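Read through the structure below, which is laid out as structure tokens, and then see the notes.
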Amino acid sequence: MSDLFEPMREKRRAASMPLAARMRPRNLDEFAGQQHILGPGKLLRRMIEADRLTSVIFYGPPGTGKTTLAHLIASHTHCHFVELNAAAVGVKEVREVLAEAKVRLGDTSQRTVLFLDEIHRFNKAQQDILLNDVEQGLILLVGATTENPFFSVNSALVSRSQIFQFEPLNEADIGSIVWAAASDRERGYGHLPLELKPEAVEHWVRVSDGDARRALTALEIAVLSGGKREKNEGGKIVIDLEVAQESIQRKAVVYAADGDEHYDAASALIKSMRGSDPDAAIYWLARMLHAGEDPRFIARRIAILASEDIGNADPAAIILAAAMLQVVEFVGLPEAQLTLAQAVTYMACSPKSNAATVAISEARADVEHNRTVLVPRHLRDTHYAGAKKLGHEGYKYAHDYPEGYVPQEYLGVEKHYYRPTDRGKEAIFAQYLAKLAKIREER
């Protein structure tokens, strides 16, 4: 016998769900963002629409639609949907889901979509349980992770899955999602006397940092807290900039000390300094400091760049870097941020040369792969009795000659590792070496 009250209970359950859950897209056309993988003609969209999807791993920051898309895949492909969080389940629960999926496929020919959130939290043994069923197509695995799957997920599972990277939503996407929730009469707040100010939405768009869930939660808090009730306008709920700021606190920067954000931000900092863009470099420094990055790690990276990318074009760079290391170590934050900023902008504005870096790289390659060059006899140590009997003589002391230089063999083979550029101080080195080359030719 049918339950006449079930639709009413279902409606109440839906109303009690968080706004972000209620506003999940109902089809692919409502899905916001990720056009690089879901746009018309893109691979993932073609696979979903043709019902030819294999197991996939969605990789990206929170609030970008990974869970939502998993629900849409199950709905579009008419699959049974099971959602698990890897942090909350163990081997037993996963085995039960896999066993039920086999029975369901045999009895009704219906496939099962297993959405495994935070799949990176499964250890290798737990992930191995999925391999056989994924390979045979008994389940359609949709794994979601904020960590790089090539580092955090079993390589055997990665090789059996398509990897799709999700990007933070752009400001236009976040704005449209918020306005849609404010006007939707069934799932959002369109049934309320709500006046949402554009500056409030702009604030949420900016502070949510590409996370749609964060922006919708802010709207929900603002509405549930009553906004600013206008007594003369029928109890209208007004959400202005002040209310918006109260409903979303300090921006949470997604940044794990051992995750992609750590390495990506460090890479951006180094490349901005190398590319002589002080504005970009100082932004990435601020981003890393705001996220709680160890200032000593930042200082070490700057010191490396001083030699690797500036070198003899500005020898003072490594001196400044050494001083910066000491200040960071002995003073610490927050004051050391000033020294880091000085160093970062100095490195970005310095002339660049990687001639010394290339020189040591080429020389070490020769040492490792080619025949060992013997030290010429006249360069060998003579500070012991019998050195002359071994033929360790003939060295010419440079200071005994004009220019403080005398042509003499120092390597024994013809090699040019160090090729100074014409930038900064190194241009003077290049001129000096050219002058010595001319002296050798003349003699």
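Everything quoted here is computed from the prediction, not taken from an experiment.
Environment of CZ in R95: sparse, with no more than 12 heavy atoms of neighbouring residues, nucleotides or ligands closer than 6.0 Å. Heavy atoms from other residues, nucleotides or ligands lying under 6.0 Å from OH of Y395 number more than 12.
Considering only heavy atoms from C-beta on, T146 comes within 4.5 Å of P62 through its side chain. The closest side-chain heavy-atom distance from V113 to V82 is not below 4.5 Å. Using a 4.5 Å heavy-atom threshold, the side chains of R24 and L69 count as separate. Using a 4.5 Å heavy-atom cutoff, the side chains of L285 and I298 are in contact. In this structure the side chain of D366 never reaches within 4.5 angstrom of the side chain of R371, judged on heavy atoms. Looking only at side-chain heavy atoms (C-beta outward), V142 and S55 stay at 4.5 Å or farther from each other. Put simply, the side chain of L157 reaches to within 4.5 Å of the side chain of L141, judged on heavy atoms. L138 has its side chain out of reach of L98: every pair of non-hydrogen atoms, C-beta onward, lies at least 4.5 Å apart.
In this structure, CE on M273 lies 10.0 Å from CD1 on I282, to the nearest 0.5 angstrom. Between the CZ atom in R296 and the CG atom in L333 there is a gap of 10.0 Å [rounded to 0.5 Å]. Considering CG of L219 and CD1 of I177, their distance stands at 12.0 Å, rounded to 0.5 Å. If you take CD1 on I428 and CG on N312, they are separated by 11.0 Å, rounding to the nearest 0.5 Å. A distance of 11.0 Å separates OG in S247 from CD in E242, rounded to the nearest 0.5 Å. Between T345 atom OG1 and L340 atom CG the span is 10.5 Å, to the nearest 0.5 Å.
The heavy-atom pair separating L38 from K42 by the smallest distance is N-CB, 4.1 Å. Across all their heavy atoms, M347 and A317 have their closest contact at CE-O, 3.3 Å. For the residue pair A303 and A321, the shortest heavy atom distance occurs at CA-CB, 3.7 Å. The nearest pair of heavy atoms linking F81 to A74 is CD1-CB, 3.4 Å. For the residue pair A316 and Y346, the shortest heavy atom distance occurs at CB-OH, 3.6 Å. The two atoms that bring G175 and V201 nearest to each other are CA-CG1, 4.3 Å, heavy atoms only.
Salt-bridge check for R206 with E202: failed, with every basic side-chain N at 4.0 Å or more from each acidic carboxylate O. Classification of D309 and K352 as a salt-bridged pair fails, no side-chain N sitting under 4.0 Å from a carboxylate O. In this structure, E118 pairs ionically with R121, as a charged nitrogen and a carboxylate oxygen lie closer than 4.0 Å. With respect to the salt-bridge test (charged N to carboxylate O, under 4.0 angstrom), the residues D314 and K425 do not qualify. At a threshold of 4.0 Å, the pair K92-E96 counts as salt-bridged, since one of the basic side-chain nitrogens sits closer than that to a carboxylate oxygen. Electrostatic pairing of R160 and D133 does not count as a salt bridge here, judged by no charged N lying under 4.0 Å from a carboxylate O. Between R419 and E362 there is a salt bridge, with a side-chain nitrogen of the basic residue lying less than 4.0 Å from a carboxylate oxygen of the acidic one.
Listed by first then second residue, pairs satisfying side chain to side chain donor-acceptor pair (under 3.5 Å) with a partner in residues 399-409 read E403-K435, Y405-R440, Q408-Y410, not counting sequence neighbours.
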- Task: Determine, stepwise, if the pair E308 / T357 fulfils side chain to side chain donor-acceptor pair (under 3.5 Å).
- Result: CA-CA 5 Å; E308 181 181 7; T357 301; 5.6 Å; no
- Task: Tell me, with the steps shown, if R364 and E368 meet salt bridge (Lys or Arg N to Asp or Glu O under 4.0 Å).
- Result: CA-CA 6 Å; R364 291 202 61 166; E368 183 177 354; over 6 Å; no
- Item | Test log, rule side chain to side chain contact (heavy atoms under 4.5 Å, CB included), inputs L53 and L44 | CA-CA 8 Å; L53 194 68; L44 182 55; 3.7 Å; yes
- Apply side chain to side chain donor-acceptor pair (under 3.5 Å) to the pair N148 and Y263, showing each step before the final yes or no. CA-CA 11 Å; N148 190 326; Y263 295 106; over 6 Å; no
- Task: Test L196 against V238 for side chain to side chain contact (heavy atoms under 4.5 Å, CB included), laying out the working first.
- Result: CA-CA 6 Å; L196 181 58; V238 177; over 6 Å; no
- Given side chain to side chain contact (heavy atoms under 4.5 Å, CB included), test F164 with L43 step by step and report yes or no. CA-CA 10 Å; F164 292 98; L43 175 62; 4.2 Å; yes
- side chain to side chain contact (heavy atoms under 4.5 Å, CB included) assessment of E426 paired with Y418: CA-CA 11 Å; E426 205 164 46; Y418 182 54; 2.5 Å; yes
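Distance alone, capped at 3.5 Å, places no donor-acceptor pair between the Q126 side chain and the G90 backbone. Using modelled atom types, one side-chain atom of Q127 and one backbone atom of F122 make a donor-acceptor pair closer than 3.5 Å. A distance-only check finds no donor-acceptor pair linking the side chain of S307 to the backbone of I304 [under 3.5 Å]. For S75 (side chain) and H71 (main-chain N/O), no donor-acceptor pair under 3.5 Å exists by modelled atom type. When atom types are taken as modelled, the side chain of R423 and the backbone of A313 share no donor-acceptor pair closer than 3.5 angstrom. Proximity of a side-chain donor or acceptor of E220 to a complementary backbone N or O of L19 within less than 3.5 Å is detected. For the pair H36 (side chain) and Q165 (backbone), a donor-acceptor distance under 3.5 Å is present. With hydrogens and angles ignored, the 3.5 Å screen pairs a side-chain donor or acceptor of R22 with a backbone N or O of R187. Of the possible polar contacts, none joining the S161 side chain to the V56 backbone as a donor-acceptor pair under 3.5 Å is found. Of the possible donor and acceptor atoms, one in the side chain of D277 sits under 3.5 Å from a partner among the backbone N and O of A280.
If you check the side chains of H120 and S152, you find no donor sitting under 3.5 Å from an acceptor.
Using bins of under 30°, 30° to 60° and over 60° for the plane-to-plane angle, the ring pair F166/F58 lands in the tilted bin.
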